Amino acid sequence: MTANVAEIRARTPSTIMAVVKADGYGHGAVTVAKAAVAAGAGWLGTTSVAEACALRAAGLAVPILTWLHPSGIDAEAAAATRVDVAVGSVDELGALVAQAASPVRVHLHVDTGMSRGGCPRGQWDELIGLARRGQRARRIRVVGVMGHLPLADRADPAANAPAVAAMHEALKAVRAAGLGSPLAHLAATSGTLTDPATHFGMVRVGAGLVGIDPSGTVEMHGASRLTTPIAHTTAAPAGVPVGYGGTYVTDRATHLSVLPVGYADGIPRELSPQAGVEIRGRRFPVVGRVSMDQIVIDTGAESFPVGTSATVFGPDGGATPTIQDWARWAGTIPHTIVTGIGPRVKRSTA
């Protein structure tokens, strides 16, 4: 993770926010947060005030922003724990101003083209006017303005230009309203890696921390390894069906090994025939259907004893599959691979 933060730092002078939502992209929010801050991240980002409070309880003192509040904003907790909140609608800001007893640090979340949260452009004046009144009443303090890039994965600055222009427009309106020059942030990992015009004062990096570049243009460093011991091995003749439905039938005499991980642990149920795992420097295919608790691999002439370690994915390359490999085999994105690893899988920090 240190290498990934260094890669990001080399591409921007802006402050780095380490986004640790979804339990740190499946790697443990506190673990990722501490590593990112140690590597140079100046802010943390979460989806909820409760998640932010857990980081505070773990001893993390850097600024934290949270931006998804389906049950409303806990103004008391936010103020008490010095957690910033993003507010993306007039109604949400009005409710916050009404309940805040102590000033809450607010980032105005404006829609810059995503149409997925954020205040629509036609309501910016109303949102900013309410923010000005709330600040004068000392219920809130506007410290940031944020938006999102809907097309950053294309790694094309021209595709980002409308969102960049919208952010400049929002900042101009905020300053004209007498709310100072708040911290602006628009880019996530792809924009950070590919388009300096999107950086503003801060960049929000989540996937990049754990080795994922959604634009596919920068090689990041994998931050995790998933291993499991072989639980059962058997010799099988040709013509033996494997797993539910018998979707795979052995075409020769071979050895089959069971690994005790399945779709309940985050192994995608639908996989291409290329899916495999690494054992002792060689890759062996996953065969048959993925079960809730187990998968089967075909090891050919090799018979491995129970307890032999298999690597499902890791950062090594070569015979070891990467999370990008698993995403390709499952027809999905790497984010779903790492965030889908279930709670039964034990985590440890190397």
Side-chain angles (χ1 to χ4, degrees), residues 25-28 31 210-212 219-350:
Y25 285 72
H27 292 67
T31 298
V210 298
I212 300 169
E219 186 174 351
M220 309 297 281
H221 298 264
S224 57
R225 182 188 307 277
L226 175 60
T227 63
T228 185
I230 290 175
H232 176 78
T233 294
T234 187
V240 171
V242 178
Y244 288 118
T247 57
Y248 176 83
V249 178
T250 58
D251 59 3
R252 71 206 185 290
T254 190
H255 292 89
L256 303 172
S257 290
V258 175
L259 303 181
V261 289
Y263 58 76
D265 304 295
I267 304 299
R269 190 171 187 272
E270 301 299 330
L271 291 173
S272 75
Q274 287 73 44
V277 304
E278 180 271 337
I279 301 175
R280 295 180 181 174
R282 297 171 59 194
R283 185 177 294 183
F284 298 98
V286 176
V287 296
R289 287 182 178 167
V290 175
S291 299
M292 180 180 289
D293 309 299
Q294 54 206 294
I295 56 176
V296 179
I297 57 173
D298 186 334
T299 62
E302 191 89 34
S303 177
F304 293 105
V306 170
T308 301
S309 181
T311 300
V312 178
F313 60 72
D316 308 339
T320 301
T322 64
I323 56 175
Q324 286 80 9
D325 289 328
W326 276 92
R328 186 174 65 256
W329 295 333
T332 186
I333 58 175
H335 309 58
T336 66
I337 302 301
V338 290
T339 61
I341 301 303
R344 299 192 301 185
V345 176
K346 295 180 180 178
R347 270 78 167 172
S348 61
T349 303

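Because only heavy atoms are used, hydrogens play no part in the values below, and waters and symmetry mates are left out as well, while side chains stay in. The chain is numbered in sequence order, starting from 1. Being a predicted model, the structure only gives us computed values, none of them experimental.
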Evaluation steps, side-chain contact (heavy atoms from CB on, under 4.5 Å), between I295 and L271: CA-CA 11 Å; I295 56 176; L271 291 173; 5.9 Å; no
Ignoring hydrogens and angles, tell me if any N or O in the side chain of [X] forms a donor-acceptor pair with the backbone of [Y] under 3.5 Å.
X    : Y    : answer
R344 : V261 : no
T250 : P237 : yes
H255 : G300 : yes

Y25 and side chain to side chain contact (heavy atoms under 4.5 Å, CB included): which partner among T339, I341, I337? T339
Residues which pass side-chain hydrogen bond (donor to acceptor under 3.5 Å, both in side chains) with Y248, listed by chain and number, not counting sequence neighbours: D298
Distance (rounded to the nearest 0.5 Å) between [X] [atom1] and [Y] [atom2]:
X    : Y    : atom1 : atom2 : result
D265 : Q294 : CG    : CD    : 10.5 Å
R347 : L226 : CZ    : CG    : 9.0 Å
T234 : L256 : OG1   : CG    : 7.0 Å
T228 : I267 : OG1   : CD1   : 8.5 Å

Minimal non-hydrogen separation, [X] against [Y], with atom names:
X    : Y    : answer
V290 : P268 : CG2-O, 3.4 Å
A319 : G281 : CB-O, 3.4 Å
S224 : H27  : OG-NE2, 2.9 Å
D325 : T320 : OD2-O, 4.3 Å
S257 : T233 : OG-OG1, 3.0 Å
G276 : P321 : O-CG, 3.2 Å

Of all pairs that satisfy side chain to side chain donor-acceptor pair (under 3.5 Å), the ones with a partner from residues 301-314, not counting sequence neighbours: E278-T311, R282-E302
Partners of Y263 by ring pair (Phe, Tyr, Trp, His ring centres under 6.0 Å), sequence neighbours excluded? none
I'd like to check the salt bridge (charged side-chain N to carboxylate O under 4.0 Å, His left out) partners of E270; sequence neighbours left out, ordered by chain and number. none
Would you mind reporting whether I323 and V210 have side-chain heavy atoms less than 4.5 Å apart? no
Looking only at side-chain N and O atoms, does T332 offer a donor or acceptor that is under 3.5 Å from a partner on T336? yes
For P315, the side-chain contact (heavy atoms from CB on, under 4.5 Å) test, sequence neighbours excluded, returns R225
So the ring-ring contact (aromatic ring centres under 6.0 Å, His included) pairs with at least one residue in residues 282-336 (sequence neighbours excluded) are F284-F304, W326-W329
